[in-house]
Amino acid sequence: MRRYGKHTDEDDIRSRPNRRGNRPRTHIRPKHEDAAEGMVLTVDRGRLTCLVDGRTVMAMKARELGRKAAVVGDRVALVGDLSGTKDTLARIVRIGERASVLRRTADDDDPYERVVVANADQLAIVTALADPEPRPRLIDRCLVAAFDGGLDPLLVMTKSDLAPPDKLLELYGALDIPYVVTSREELENGDAADRVREHLDGHVTAFVGHSGVGKTTLVNALVPEDRRRTTGHVNAVTGRGRHTTTSALALPLSGTDGWVVDTPGVRSFGLAHIDPSRVIHAFPDLEPGTEGCPRACSHDEPDCALDEWVAEGHADPARLYSLRRLLATRERTEGD
């Protein structure tokens, strides 16, 4: 029995006519060399709002991208109607390489990781000093995700009129994280926004925080020309805020080269995707001390060389404590 390959050049093979009269399907895809470059601003039920040449364009993902999804912050290539007028739709045909990725999982047992934002270089962790109470374990988890994703952390403490920041500052002082303390009055008169803005110029900053901490209120103060719905009241029984931001949104920071990415409030920050061995890279003063560690050392066991390294005076013991607290955060829940 004769068998022919897909690309045979035999001239005696009968070919079936194309009754539809259209061109046969091909595996060769167009290169879209004339595609326009854009940035994803928000994603809503399969529709992506992109910034292209200073105008917003509604787009959808091209079929040839398969399961590869575009997220807020992605640099993309678009074809089709790029006018941005009502009822027009473009296609995203390429997703650029990501410089950084902030990811999380629903919990530590969930293998499915969710990309929160791409290409951000700073993570602003917003926490209230009271109403609701601070959750240091959630802050720790956000810090681990920032270090793993290549983002520099910024700690923003709100509602200082209700409680002092001393306790939190003492807890995170050894990490040498830049911070800003704000009050409700300062948010209203603009002083808080000005102090936070100093840390945002030239950066793409993703804002994350527990529901009810005033994250979206702060974003509205930073970008007053594009206000989002603010957070509802904090539940007096549970101490939790109500989600009002339902999707991530990138906003240009007026008067600067920076961008602000407002994200939905979180009640958990799973770290199932995190490789603990990468967290040590965020502690350059401790990293040389790991050369004497046993293979696959967790840096929190009796044979860890960091204990002797720190005891010899090469680094601050508080830094080692902070490292081990962050490494152990996957073993605890955020409410601990």
Side-chain angles (χ1 to χ4, degrees), residues 4-11 13 15-103 112-123 148-151 200-206 223 226 247-254 256-263 273:
Y4 300 100
K6 185 175 182 180
H7 303 291
T8 180
D9 59 354
E10 298 279 356
D11 57 4
I13 298 177
S15 60
R16 182 177 298 175
N18 187 353
R19 297 180 179 178
R20 296 184 179 179
N22 55 5
R23 292 186 301 172
R25 297 187 63 182
T26 175
H27 293 283
I28 302 175
R29 298 296 183 188
K31 296 182 179 180
H32 299 296
E33 296 177 350
D34 59 342
E37 299 297 321
M39 172 184 172
V40 178
L41 300 181
T42 190
V43 182
D44 182 17
R45 292 170 291 185
R47 294 292 186 265
L48 300 93
T49 303
C50 303
L51 183 67
V52 181
D53 293 332
R55 61 184 179 275
T56 55
V57 174
M58 189 68 68
M60 63 179 295
K61 187 184 69 173
R63 180 179 295 180
E64 56 259 36
L65 291 179
R67 295 188 177 183
K68 188 175 182 180
V71 300
V72 173
D74 267 326
R75 271 56 174 186
V76 294
L78 303 97
V79 299
D81 193 332
L82 304 178
S83 65
T85 57
K86 185 179 179 181
D87 297 329
T88 59
L89 192 64
R91 284 190 304 131
I92 295 176
V93 294
R94 284 193 303 274
I95 300 175
E97 185 177 352
R98 294 165 175 168
S100 67
V101 176
L102 176 66
R103 301 169 294 171
Y112 179 71
E113 63 183 53
R114 296 159 177 81
V115 178
V116 181
V117 61
N119 297 315
D121 62 336
Q122 187 169 234
L123 180 65
D148 180 76
L151 286 75
L200 308 182
D201 190 10
H203 296 283
V204 178
T205 305
V223 194
D226 195 346
S247 60
L249 173 65
L251 299 167
L253 195 59
S254 58
T256 74
D257 295 329
W259 283 82
V260 171
V261 182
D262 188 19
T263 65
H273 61 288

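Counting begins at 1 with the first residue of the sequence. Just so you know, these numbers come straight off a predicted model, no measurement behind them.
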With a cut-off of 3.5 Å and sequence neighbours excluded, list every side-chain donor-acceptor pair involving residues 43-57.
unit_1, atom_1, unit_2, atom_2, d
R55, NE, L82, O, 2.6
R55, NH2, L82, O, 3.1

*What are the two closest non-hydrogen atoms of E37 and A77, and how far apart are they?*
OE2-CB, 4.1 Å

*asked:* Any side-chain to backbone donor/acceptor pair from D81 onto L89? Under 3.5 Å, distance only.
replied: no

*Is N119 reaching over with its side chain to a backbone N or O of G73, donor-acceptor style, under 3.5 angstrom?*
yes

*Roughly how far apart are L253 CG and H203 NE2, rounded to 0.5 Å?*
11.0 Å

*Could I get the full list of side chain to side chain donor-acceptor pair (under 3.5 Å) partners for T88, not counting sequence neighbours?*
none

*Could you pull out the closest heavy-atom pair between H32 and E64, with the gap in Å?*
NE2-OE2, 3.6 Å

_Under the side-chain hydrogen bond (donor to acceptor under 3.5 Å, both in side chains) definition, can you give me all pairs with a residue in residues 89-103, not counting sequence neighbours?_
D74-R98, R103-E113, R103-D148

*asked:* So, using side chain to side chain contact (heavy atoms under 4.5 Å, CB included) as the criterion, who are the partners of D257 when residues are at least two apart?
replied: D201

*Answer whether the closest heavy-atom distance between the side chains of W259 and L41 falls below 4.5 Å.*
yes

_Are the side chains of I92 and L65 in contact, using a 4.5 Å heavy-atom criterion?_
yes

*Starting from the C-alpha separation in whole Å, work towards a yes-or-no answer on side chain to side chain contact (heavy atoms under 4.5 Å, CB included) for V117 and V71.*
CA-CA 6 Å; V117 61; V71 300; 6.0 Å; no

_Can you give me the closest heavy-atom contact between A248 and V116, atom names plus distance?_
CB-O, 4.4 Å

